[in-house]
Amino acid sequence: LDAGREFSAAMSSHGELWVWGRNDYGQLGMGFEVMKDRDFCMKYPFLMRQLPMEGHVFRDFACGDRHMVAVTTAGAIYEWGD
């Protein structure tokens, strides 16, 4: 479990990332369509599936102020947001 500015994330025991909160800087990884609405807020945990990392198993992640970074069990590193 970790949090940035106005968003949070949690990792399941299966290596899935769940996110919620604001996405105005792409920090939830939900794509540009959601970023168009500056007042959008995901009120409940949402399983990340929009980024090219779908199907990867995460080993760890961290939330920054307006971004996230995650590493997979294969050692690939992903970063999204601002």
Side-chain angles (χ1 to χ4, degrees):
L1 183 65
D2 200 6
R5 181 186 294 182
E6 299 185 43
F7 77 102
S8 300
M11 187 171 66
S12 75
S13 60
H14 302 291
E16 301 167 320
L17 282 180
W18 293 81
V19 295
W20 62 97
R22 293 187 60 98
N23 188 58
D24 46 347
Y25 293 93
Q27 61 269 47
L28 299 185
M30 300 179 77
F32 292 108
E33 289 300 314
V34 177
M35 288 175 59
K36 290 179 185 177
D37 181 0
R38 300 289 284 176
D39 295 321
F40 176 83
C41 181
M42 179 61 68
K43 295 179 183 175
Y44 302 100
F46 174 81
L47 179 60
M48 290 188 60
R49 293 188 175 149
Q50 300 289 52
L51 297 174
M53 63 186 75
E54 182 177 5
H56 291 282
V57 176
F58 292 101
R59 181 175 65 214
D60 201 5
F61 78 98
C63 295
D65 197 34
R66 296 184 290 209
H67 70 280
M68 288 182 65
V69 178
V71 62
T72 68
T73 55
I77 298 172
Y78 292 92
E79 181 179 16
W80 57 96
D82 185 25

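Numbers for residues simply follow the sequence, beginning at 1.
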Could you tell me if the side chain of Leu17 sits less than 4.5 Å from the side chain of Phe61, heavy atoms only? yes
Within one Ile-Leu-Val-Met-Phe-Trp-Tyr cluster: Val19 and Phe40, side-chain cutoff 4.5 Å: yes
Any idea which heavy atoms bring Arg59 and Met11 closest together, and the distance? O-CE, 3.4 Å
Heavy atoms only: give me the nearest Tyr44-Trp20 pair and the separation to one decimal. O-CB, 3.7 Å
Contacts of Asp65 that satisfy side-chain hydrogen bond (donor to acceptor under 3.5 Å, both in side chains) - sequence neighbours left out: Arg5
Among residues at least two apart in sequence or on other chains, which ones pass side chain to side chain contact (heavy atoms under 4.5 Å, CB included) with Ala3? Ser8
How many angstroms lie between atom CE of Met42 and atom CZ of Arg22, to the nearest 0.5 angstrom? 13.0 Å
What is the distance from atom CE of Met48 to atom CD of Glu16, rounded to the nearest 0.5 Å? 12.0 Å
Rest of the hydrophobic cluster containing Val69 (Ile/Leu/Val/Met/Phe/Trp/Tyr, side-chain heavy atoms under 4.5 Å)? Val71, Ile77
Can you tell me how far apart CG (Asp2) and CZ (Phe7) are? Round to the nearest 0.5 Å. 7.5 Å
Mutual orientation of the aromatic rings belonging to Trp80 and Phe58 [parallel < 30°, tilted 30-60°, perpendicular > 60°]: tilted
For Ala10 and Leu1, work out which heavy atoms get closest and say how close. CB-CD1, 4.0 Å
